[in-house]
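In what follows, a structure is listed as structure tokens, so that the remarks can point back to it.
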Amino acid sequence: QVQLVESGGGLEQAGDSLRLSCAASGRTFGSYAMGWFRQAPGKEREFVSGISGSGDKTYYSDSVKGRFTISRDNAENRVFLQMNSLKPEDTAVYYCAAEDSSIWSGRMDYWGKGTLVTVSS
């Protein structure tokens, strides 16, 4: 089992950049595909980005493609989400999640508690 703790959320203005970080417990971090999801007020949780266990494959939703970049540091047990050109519609609680496979499928098994990102216009 893996425990996930997100950090880096905050209040930003439109056009700003922000970097989220997710720290994972355990010694086999590279065996987990990782992802970021978000839930805006009054909306369902949605996929943002995913990355394979080795980091060689990444996935993005259409709404963030070209603006957000996912990466991971397996030596440090961390996954990151670099968010550029933020928009008010990016406002949400962002969740880090892990999948019990190094191959990304989007079926996540473990979830963090989330970090709030608020983007003002």
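All residue numbers refer to positions in the sequence shown, counting from 1.
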Decide side chain to side chain contact (heavy atoms under 4.5 Å, CB included) for K87 and R67; before the verdict, give the C-alpha distance in whole Å, the side-chain angles of both, and the deciding distance to 0.1 Å.
CA-CA 10 Å; K87 303 176 180 180; R67 298 188 299 122; 3.8 Å; yes

Nearest 0.5 angstrom please: [X] [atom1] to [Y] [atom2], how far?
X	Y	atom1	atom2	result
T91	E12	OG1	CD	10.5 Å
R38	M83	CZ	CE	9.0 Å
S49	W36	OG	CH2	10.0 Å

Taking every non-hydrogen atom, the tightest pair across [X] and [Y]:
X	Y	answer
C96	M34	SG-CE, 3.5 Å
F29	V79	CZ-N, 4.2 Å
G30	N74	CA-ND2, 3.6 Å

If the condition is side-chain hydrogen bond (donor to acceptor under 3.5 Å, both in side chains), which residues does T58 pass it with, not counting sequence neighbours?
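None.
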
Evaluation steps, salt bridge (charged side-chain N to carboxylate O under 4.0 Å, His left out), between E99 and R107:
CA-CA 6 Å; E99 182 174 351; R107 295 185 289 271; 5.4 Å; no

Run the side chain to side chain contact (heavy atoms under 4.5 Å, CB included) test on Q82 and S71 for me, step by step, so that the C-alpha distance in whole Å, both residues' side-chain angles and the decisive distance to 0.1 Å come before the verdict.
CA-CA 8 Å; Q82 177 67 42; S71 62; over 6 Å; no

CD (E76) with more than 12 external heavy atoms under 6.0 Å
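No, because the 6.0 Å sphere around CD of E76 holds 12 heavy atoms or fewer from other groups.
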
Are Q3 and V5 close enough, and set up right, to give a side chain to side chain contact (heavy atoms under 4.5 Å, CB included), and what steps lead you there?
CA-CA 7 Å; Q3 294 182 328; V5 179; 5.8 Å; no

Measure from the ring center of Y95 to the ring center of F37 and say whether it is less than 6.0 Å.
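Not under 6.0 Å, so no.
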
Check: F47 ring centroid to W104 ring centroid under 6.0 Å:
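Yes.
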
Under 3.5 Å, is there a donor-acceptor pair between the side chain of [X] and the main chain of [Y]?
X	Y	result
T115	G9	yes
R45	Q39	no
Y32	S52	no
E6	G114	yes

Decide yes or no on side chain to side chain contact (heavy atoms under 4.5 Å, CB included) for F68 and N84, but give the supporting numbers first.
CA-CA 6 Å; F68 291 10; N84 298 331; 5.9 Å; no

Qualifying residue, where the test is side chain to side chain contact (heavy atoms under 4.5 Å, CB included) with V117 and the options are L18, L81, L11, D90
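Answer to the side chain to side chain contact (heavy atoms under 4.5 Å, CB included) test with V117 among L18, L81, L11, D90: L18.
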
Applying ring pair (Phe, Tyr, Trp, His ring centres under 6.0 Å), run through W111 and Y94 and close with a yes or a no.
CA-CA 11 Å; W111 295 86; Y94 283 72; over 10 Å; no

Are side-chain N/O atoms of Y110 and D100 paired as donor and acceptor at under 3.5 Å?
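Yes, because at least one side-chain N or O of Y110 sits under 3.5 Å from a partner of the opposite role on D100.
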
